[in-house]
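Reviewing the structure listed below.
Nothing here was measured: the structure is a model prediction, and the numbers come from that model. All residue numbers in this chain count up from 1 along the given sequence. Just follow the structure's listing: the first ligand is 1, and inside any ligand the first atom is 1.
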Amino acid sequence: MIKFLDLFYQYQSIQPEIDAAIRSTIEQAAFVGGPAVSAFEQAFATYQQAEHCLGVGNGTDALEIAIEALGLPPGSEILVPANSFIASAEAVTRCGHRVVFTDNDPDTYTINLVDLERRITTRTSAVIGVHLYGHPCDLDGLLRIAGRNDLKIIEDCAQAHGAEYKRRRVGALGDIGTFSFYPGKNLGAYGDAGAIVTNDAELARRCRMIANHGRIEKFDHLIEGRNSRLDGLQAAILSVKLQHLDNWIDRRNVIAGLYLNGLGDLPGVSLPVIREEVRHAFHLFVIRLSERDSLQRFLKNEGIGTGIHYPTALPKLAAYAYLNQASEPMHANTLDHELLSLPIGEHLSDEQVETVILAVRRFMLKAAG
Ligand SMILES: *Cc1c(COP(=O)(O)O)cnc(C)c1O
């Protein structure tokens with residue numbers, strides 16, 4: 001059995017540290033807020049090279065709070081990549097803005113800047129730059145276009161903890177960045193958790209108020225906010241795991257290298273293209289082929305777990321039928337049935353990766369011949 005994801009394996013590899021962190025948080029009874037949360041916020045700000053970090057309830061809340069804190073004109077349009085998890089778009093609508101779906105590049109799968117620029121109108125106020133699969137989007141290009149058109153940039157870093165663009169960590173390169181610590185993410189909690197980072201002190205203060213009932217001190221509610229706080233237990237677990245994250249990302253890059261070498265010559269399979277001067281976090285290793293479904297079935301029979309990210313482009317979901325973007329000729333709208341995520345993560349040995357490579361090769365050579 002080659003698992004797509006193995007969270008219990010990871011726990012076992014760091015069990016004494018995790019158990020001690022959980023125990024200490026319970027002994028202090030610091031279940032919401034408290035020293036573990038502050039310590040993690042500081043450590044994660046440093047790790048992501050951002051001046052401010054705020055822990056919140058999950059990655060979707062992080063997006064909503066960030067968008068609300070930006071104070072964009074009500075009803076304004078926000079550009080969202082058509083190939084992403086629905087949260088990237090949901091947060092826009094929930095904050096009273098209009099989603100405008102934008103195409104993805106067919107090779108890096110991040111937001112396509114030519115299509116993006118074409119969709120800017122006088123009503124556009126911001127863009128959600130998703131670092132999809134852990135690969136930084138073209139931030140220089142995005143910053144240039146945003147600067148020319150007075151747009152805010154929200155970096156959705158839910159899949160990109162530790163990813164770098166030109167030697168700088170993602171998150172605080174635009175106006176504000178959001179993270180998810182959903183268990184399966186590269187840095188995952190033992191439940192729901194998320195964070196917001198920014199270099200803008202005022203924006204950070206507004207996020208902190210919104211996430212905690214509109215207050216800074218105990219009962220001075222300055223505005224109506226909401227409750228989206230990071231648990232002490234999750235923060236303590238995340239602080240332990242953060243110390244291992246760079247090793248885990250390095251291991252993901254080694255595995256990606258093995259896949260790129262082992263599958264590079266196969267006709268009919270497109271491998272992910274890595275931009276120059278980036279550190280890919282390789283949350284996912286996504287290949288593209290027309291026989292996606294039969295390869296997935298074949299690998300399942302061989303005991304190899306895979307995933308699909310995402311089976312339906314966002315414009316084609318029932319939730320977005322009202323936007324009428326489902327039949328637009330976008331790469332995202334046509335490639336969704338060709339994407340397959342191969343297993344990647346520190347739970348895999350070189351031998352297991354080799355087994356996956358050989359299985360994919362066998363399938364493709366049989367299909368060709
Ligand atoms: C996981 C994810 C989110 C949402 O995070 P949650 O913590 O599950 O709310 C948002 N955007 C992207 C791109 C994601 O992958």
Side-chain angles (χ1 to χ4, degrees), residues 4-5 7 40 44 48 53-68 78-95 99 101-102 104-105 108-111 126-137 139 142 153-163 170-171 174 176-197 207 211 226-231 234-235 237-238 241 249 252 272 280-286 307-315 317 319-320 332 336 339 341 344-345:
F4 185 67
L5 183 68
L7 295 176
F40 174 70
F44 196 62
Q48 290 301 146
C53 169
L54 162 67
V56 296
N58 57 67
T60 309
D61 282 4
L63 278 164
E64 281 188 37
I65 292 162
I67 294 170
E68 188 178 335
I78 300 187
L79 303 165
V80 181
N83 180 24
S84 185
F85 182 58
I86 188 171
S88 311
E90 257 174 351
V92 168
T93 317
R94 291 226 151 238
C95 289
V99 170
F101 284 121
T102 302
N104 299 74
D105 283 328
T108 65
Y109 303 109
T110 53
I111 201 159
V127 49
I128 313 276
V130 182
H131 304 306
L132 195 72
Y133 308 152
H135 187 272
C137 61
L139 276 162
L142 203 55
I153 298 177
I154 300 122
E155 290 177 69
D156 181 345
C157 311
Q159 305 184 2
H161 324 74
V170 299
I176 194 160
T178 63
F179 290 83
S180 164
F181 305 119
Y182 182 77
K185 301 286 161 89
N186 282 10
L187 179 60
Y190 288 3
D192 275 317
I196 299 170
V197 301
C207 287
R226 56 187 287 175
N227 173 6
S228 183
R229 296 176 300 222
L230 179 59
D231 292 357
Q234 302 304 347
I237 290 162
L238 288 167
K241 290 179 68 170
I249 293 173
R252 285 173 180 273
H280 197 324
F282 273 113
H283 174 56
L284 296 168
F285 188 93
V286 178
I308 295 178
H309 303 87
Y310 292 87
T312 310
L314 297 177
L317 292 174
Y320 293 110
D336 51 5
L339 302 173
S341 308
I344 190 165

Q. Can you name the nearest heavy-atom pair linking Phe4 to Gly307, along with the distance?
A. CE1-N, 3.7 Å
Q. What's the shortest heavy-atom distance between Thr110 and His135, and which atoms?
A. CG2-O, 3.3 Å
Q: Within a distance under 4.0 Å of any heavy atom of Ser84, pick out the atoms of ligand 1 and give their elements.
A: 13 (C)
[X] N/O under 3.5 Å from ligand 1 N/O:
| X | value |
| --- | --- |
| Tyr182 | no |
| Gly59 | yes |
| Asp192 | no |

Q.
Does the residue Ser88 have a heavy-atom contact with ligand 1, meaning some pair of atoms that are separated by less than 4.0 Å?
A. yes
Q. Could a heavy atom of Lys185 be found less than 4.0 Å from some atom of ligand 1?
A. yes
Q: Please state which part of Asn58 comes within less than 4.0 Å of ligand 1, counting heavy atoms only: side chain, backbone, both or neither.
A: both
Q | Side chain, backbone, both or neither: Ala62 near ligand 1, heavy atoms under 4.0 Å | A | neither
(Q) Surrounding OH of Tyr182 (heavy atoms of other residues, nucleotides or ligands, distance under 6.0 Å), is the total greater than 12? (A) no
Q: Not counting sequence neighbours, which residues clear salt bridge (charged side-chain N to carboxylate O under 4.0 Å, His left out) with Asp336? List them please.
A: Lys316
**Q.** Sequence-distant partners of Arg226, salt bridge (charged side-chain N to carboxylate O under 4.0 Å, His left out), two or more places apart
**A.** Asp61, Glu64
Which residue supplies the protein heavy atom nearest to [atom], what is that atom called, and how far is it?
| atom | value |
| --- | --- |
| atom 12 (C) of ligand 1 | Ala158 CB, 3.4 Å |
| atom 13 (C) of ligand 1 | Asp156 OD2, 3.5 Å |
| atom 4 (C) of ligand 1 | Thr60 OG1, 3.6 Å |
| atom 15 (O) of ligand 1 | Gln159 NE2, 2.8 Å |

Q | Validation row: Ile86, Tyr310 side chains within 4.5 angstrom (heavy atoms) | A | no
(Q) A side-chain contact here means heavy atoms from C-beta on lying under 4.5 Å apart; do Phe101 and Leu314 qualify? (A) yes
Q.
Given Ile111, which partner from the list Leu132, Val130, Val80, Val127 fulfils the side chain to side chain contact (heavy atoms under 4.5 Å, CB included) test?
A. Val127
